[in-house]
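Heavy atoms only: backbone and side chains are in, while hydrogens, waters and symmetry mates are out. Position 1 is the first residue of the sequence, and the numbers go up from there. Whatever order the structure lists ligands and atoms in, that order sets their numbers, starting from 1.
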Amino acid sequence: MKKILLIGACGQIGTELVIELRKRFGAQCVIAADVHDMENNQFLGGEYTKLDVLNKEQVSSYVIKNKITEVYLLAALLSATAEKNPDFAWKLNMEGLFTILDLAKEGYLKKIFWPSSIAVFGPTTPKDLTPQYTIMEPSTVYGISKQAGERWCEYYFNNFGVDVRSIRYPGLISYTSLPGGGTTDYAVDIFYHAKKEGKYTSFLSENTKLPMMFMEDAIRATIELMEAPIENIKIRSSYNLGGISFTPKTLSEEIKKHISEFEITYNQDFRQKIADSWPNSIDDSFAKNDWNWREQFTLEKMVSEMLRHVDISKI
Ligand code: AKB
């Protein structure tokens, strides 16, 4: 029987992935885990357990005792927060991965999902339609940890047969829970401020083009990758996913179609340098060919969904 443990369940991806996995496989098959205390050990309609991904002993004995078959390991520091605390970011982003890879190597897990990011690319990477295989010289601690993680995932697959699967997520846009500490967060914040105040100050410049994806597409991609037949998974580092590429200016023009008085201003901060090192757009033809990936959300569709759903009482 499938028994999934999702570590980092309270984060931006985690909350939505828990809901979708429970819908597909039943609440009893999906255990949500994070470092936070939760009253009565329930979370989004199912079991919750408090786990610290840095506590190898605790995570390993939980996985073994509860006969977990699959782990989605989402606990990480994102790009902007990681730059402020590089030592801890490296520790958090790498140690948990080794714990889970080793559990699979020892035969305790059948499958692992581990997220990578467009942050694996760097200033020397070709910027437009960035290929799957290209120059990768990341300049952020987050990007370095994701690139190292990719190498280790591939190594564990090649040498120990560990069935580990991964996606290089673009910036993710969602309305259920707020993102925490990324460079692409402006593309979520903007909707709350547009709806609440009719204006927004972007911390990225007007023509900074980055690849983004609506969360519904990202969740579907994650589950489709994990459910694809093993022989279709040809890449064991991480798959490029394209999504939709836009600039703060293009996004604001689309928002103006719904809120005509909306005004955007620009005041760049340290995140501009990170954004400048990332691709403008991504070639995801390997994901399309290998496991039939197709995105569904256009910029127009994403903007109207976001404006319909964002809850301004959250900010
Ligand atoms: C970030 O901005 O750090 C993340 C990412 C692109 O991985 N959203």
Side-chain angles (χ1 to χ4, degrees), residues 8 10-17 72-86 88-90 92-94 96-97 113-123 125 127 130 136 138-150 153 166-191 202-205 208-219 221-222 237-248 251 268-284 287 295 297 302 306:
C10 299
Q12 192 199 9
I13 306 175
T15 39
E16 302 212 19
L17 195 51
Y72 288 70
L73 175 59
L74 302 175
L77 280 200
L78 294 184
S79 56
T81 320
E83 285 311 291
K84 293 185 176 153
N85 199 348
F88 180 66
W90 176 256
L92 179 68
N93 294 2
M94 299 308 296
L97 176 60
F113 178 79
W114 176 79
S116 186
S117 158
I118 53 159
V120 292
F121 301 115
T125 302
K127 279 201 169 293
T130 300
M136 292 164 85
S139 52
T140 61
V141 64
Y142 175 65
I144 296 168
S145 72
K146 288 297 178 189
Q147 201 203 20
E150 285 192 9
C153 287
S166 177
I167 284 171
R168 290 174 182 153
Y169 289 124
L172 298 180
I173 300 175
S174 64
Y175 53 81
T176 305
S177 66
L178 293 163
T183 302
T184 57
D185 292 9
Y186 92 85
V188 177
D189 296 344
I190 195 170
F191 291 99
S202 168
F203 56 78
L204 297 184
S205 68
T208 306
K209 191 172 175 188
L210 288 171
M212 305 275 185
M213 182 173 273
F214 191 56
M215 189 60 90
E216 205 174 302
D217 267 347
I219 297 295
T222 307
S237 50
S238 191
Y239 276 97
N240 272 9
L241 274 201
I244 32 181
S245 283
F246 55 79
T247 63
L251 180 57
Q268 298 152 45
D269 67 16
F270 73 102
R271 289 169 281 193
Q272 184 65 48
K273 193 171 157 218
I274 302 176
D276 287 342
S277 76
W278 289 352
N280 295 333
S281 60
I282 300 282
D283 172 7
D284 59 7
E295 73 269 354
F297 279 82
M302 181 275 283
M306 284 298 285

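From the protein, the heavy atom lying nearest to atom 2 (O) of ligand 1 is Thr183 N, 2.7 Å. Nearest protein heavy-atom contact of atom 4 (C) of ligand 1 is Thr184 OG1, 4.0 Å. Looking only at protein heavy atoms, the nearest one to atom 1 (C) of ligand 1 is Ser79 OG, 3.3 Å. Annotation: atom 5 (C) of ligand 1 to nearest protein heavy atom, Ser117 OG, 3.5 Å.
Under 4.0 angstrom from ligand 1, the non-hydrogen atoms of Ile118 all belong to its side chain.
In Lys84, the NZ atom is not crowded: 12 or fewer heavy atoms of neighbouring residues, nucleotides or ligands sit closer than 6.0 Å.
For ligand 1, the atoms closer than 4.0 angstrom to any heavy atom of Leu78 are 3 (O). Near Trp278, with a cut-off below 4.0 Å to any heavy atom, the atoms of ligand 1 are 1 (C), 2 (O), 3 (O), 6 (C).
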For Arg271 and Glu83, what are the C-alpha separation, side-chain angles and deciding distance, and is it a salt bridge (charged side-chain N to carboxylate O under 4.0 Å, His left out)? CA-CA 9 Å; Arg271 289 169 281 193; Glu83 285 311 291; over 6 Å; no
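For Tyr142, a nitrogen or oxygen atom sits less than 3.5 Å from a nitrogen or oxygen atom of ligand 1, counting backbone and side chain alike.
Cation-pi geometry between Lys146 and Trp114 is met: under 6.0 angstrom from the ring centre, within 45 degrees of the axis.
Residues Leu78 and Tyr142 have side chains in contact (heavy-atom distance under 4.5 Å, counting atoms from C-beta outward).
Note: Phe246 and Tyr186 have perpendicular aromatic rings, judged against thresholds of 30 and 60 degrees for the angle between ring planes.
When all heavy atoms of Trp90 and Ser145 are compared, the pair lying nearest together is CZ3-CA, 3.6 Å.
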